Trainee: 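This structure is in structure tokens; I'll ask about it shortly.
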Amino acid sequence: MKEALQPPAPAIVQNETKRVQELFDKNVVPSYSRFDLVLERGEGSYVWDVDGKRYLDLAGGIAVCSLGHAHPEITKALTEQSKKLIHVSNLYYTKPQGQLAERIVEHIAPGRVFFCNSGAEANEGLFKFARKFGYAAGRYEIITTTDSFHGRTLAGIAATGQEKVKKGFAPEVTGFGQVPFNDLEAMRRAITKTTAAILIEPVQGESGVTIAKPEYLIGLRRLCDEHNLLLLFDEVQAGHFRTGKFQSWLRVLENEKVGLLPDAVSMAKSLGGGFPIGAFWIRERFANVLGPGTHASTFGGTPLACAVALKIFDVIEKEDLADNARQTGEFILGGLQELQQRFPNVIKGVRGFGFMIGIEFQAQFKAVDVVKELHKRHLLSVPAGTSVIRLLPALNLSRGEAQDGLRIIESLVADLAKKQ
Ligand SMILES: *Cc1c(COP(=O)(O)O)cnc(C)c1O
């Protein structure tokens, strides 16, 4: 990339980075550890910092920017809808919300959709759905898995199978317990007479891209049927065509003779392409569990958010971006596998589906340091776990951009190998 050879930015612009960081230091809750980048604008799969330096964005806003940055169709949907109606509350009907719900139902199966604003909130809806479902029978427990991630609300961190998100926030919301992922027997043993539901990510994201085995998903469905439990899927990160199918469980099971239907699915991230929106779908059989007055969200399903999400569906379908995620994702994965074979002392393994790719480095390379090194080479990626970096690019990433990304990663890996 030519930009790498640009002369250093004049001092006055470098001060801009410092000034923004100072604003944060003084005024923003320091709950995030941020990288030293102040980003200002984007176009497609590129972003620019305040110094005018360009980066190839394979982080995709953590699986959010499904059409990349500044997509003209999103801008158009935003501006046109904002001139008509931004918000009226859920006291009334609006067309975009009905249409978006229909779109999601068409892609999964008959059922009902509730709209909210984030992944954590979508999962909170699943928890309330499970509690309401089990209430009359005194059942409330939701079994989840270790290394899962389900959001940062109090119930979300109780559901999440990672100590680091729970620490300091005791007492925990009751009714959640974890068992190892991909271990059907452990799940079977954990079921008690108070269990109401099982919740998993069919592809675990935050802990480093771990894919469920097809027989695990099928076994969970069977367990739930045997014990009258709800099977809940958190598709917040892996969903919305990222794996090459609408939701990741469909990709996991694509070569199986029979599919399965979960009882509810949470969504967010890529659904709005950067405009905040979350949703959960509930199977038709349970359509009335959350009746009038049981659940609500002021901002949930505004005409503006739904118009944007509808446009994203349109573009993904018109341009067959699910197929692009699958093909270009496979191309990246293939390139990374080659790299792994050439440099096994640096890369321990690579895995993924479509545009959800994890590169596991050998333990001496910390994910955060690798991500920082890639910043120096003008590439954005996302750390996961301790030694995994994730690539979660826009669904319209081109083959050429994927090649650029691979070249950058290769140059870093080759350098790290030399230092061994
Ligand atoms: C990101 C994520 C969440 C939380 O979503 P927020 O929008 O940050 O609340 C929940 N589950 C999974 C699998 C996620 O990746």
Side-chain angles (χ1 to χ4, degrees), residues 29 31-34 59-66 114-130 142 144-162 164-166 169 173 176 178 181-182 197-212 217 231-243 246-249 251-252 262 264-281 297 299-301 305 308-309 352-358 367 381-385 388-393:
V29 171
S31 66
Y32 300 95
S33 45
R34 295 175 201 270
I62 318 187
V64 165
C65 307
S66 37
F114 179 94
F115 292 103
C116 51
N117 311 284
S118 68
E121 212 189 330
N123 285 333
E124 185 72 19
L126 297 192
F127 307 148
K128 285 183 72 178
F129 168 52
I142 301 170
T144 66
T145 60
T146 44
D147 298 326
S148 59
F149 183 77
H150 299 297
R152 297 286 197 147
T153 59
L154 280 176
I157 61 175
T160 294
Q162 300 186 49
K164 65 177 188 220
V165 309
K166 303 174 190 275
F169 296 105
V173 171
F176 294 92
Q178 282 86 44
F181 188 66
N182 265 333
I198 290 171
L199 167 68
I200 66 147
E201 300 160 80
V203 181
Q204 290 188 329
E206 290 304 301
S207 60
V209 187
T210 310
I211 302 171
L217 296 188
L231 180 60
L232 313 174
F233 286 164
D234 179 345
E235 290 276 12
V236 168
Q237 183 162 153
H240 223 60
F241 307 101
R242 177 158 299 279
T243 61
F246 180 48
Q247 301 295 335
S248 71
W249 93 81
R251 178 75 206 261
V252 172
V265 179
S266 58
M267 295 158 246
K269 292 199 165 98
S270 282
L271 179 62
F275 197 90
I277 183 168
F280 61 87
W281 167 93
S297 164
F299 291 129
V308 171
F353 262 161
F355 279 161
M356 189 164 178
I357 295 173
S381 60
V382 186
V388 180
I389 69 164
R390 268 174 299 170
L391 308 181
L392 302 160

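When a ligand or atom number is given, it counts from 1 through the structure's own listing order. Bear in mind the structure is a predicted one, so any value in this text is a computation, not a measurement.
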Trainee: Suppose we screen for side chain to side chain donor-acceptor pair (under 3.5 Å). Which residues come up paired with Ser297, at least two apart in sequence or across chains?
Mentor: Asn117, Glu121
Trainee: Distance under 4.0 Å, heavy atoms only, partner ligand 1: which residues pass?
Mentor: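 Contacts of ligand 1 under 4.0 Å: Ser118, Gly119, Ala120, Asn123, Phe149, His150, Gly151, Glu201, Asp234, Val236, Gln237, Lys269.
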Trainee: Which residue, Arg242, Arg390, Gln204, forms the side-chain hydrogen bond (donor to acceptor under 3.5 Å, both in side chains) with Gln237?
Mentor: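 Output: one option passes, namely Arg390.
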Trainee: Minimum heavy-atom separation for Ser270 and Ser66, please, with both atom names.
Mentor: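 Heavy atoms only, the tightest pair is O-OG, 2.8 Å.
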Trainee: If the condition is side chain to side chain contact (heavy atoms under 4.5 Å, CB included), which residues does Ser248 pass it with, not counting sequence neighbours?
Mentor: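 Residues passing side chain to side chain contact (heavy atoms under 4.5 Å, CB included) with Ser248: Pro202, Val203, Glu235, Ala238, Thr243.
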Trainee: Identify, with sequence neighbours excluded, every residue that meets side chain to side chain contact (heavy atoms under 4.5 Å, CB included) alongside Ala130.
Mentor: Ile142, Ala197, Leu230, Leu232
Trainee: Check Gln178 against Thr144 and note the closest heavy-atom contact, atom names and distance.
Mentor: NE2-OG1, 2.9 Å
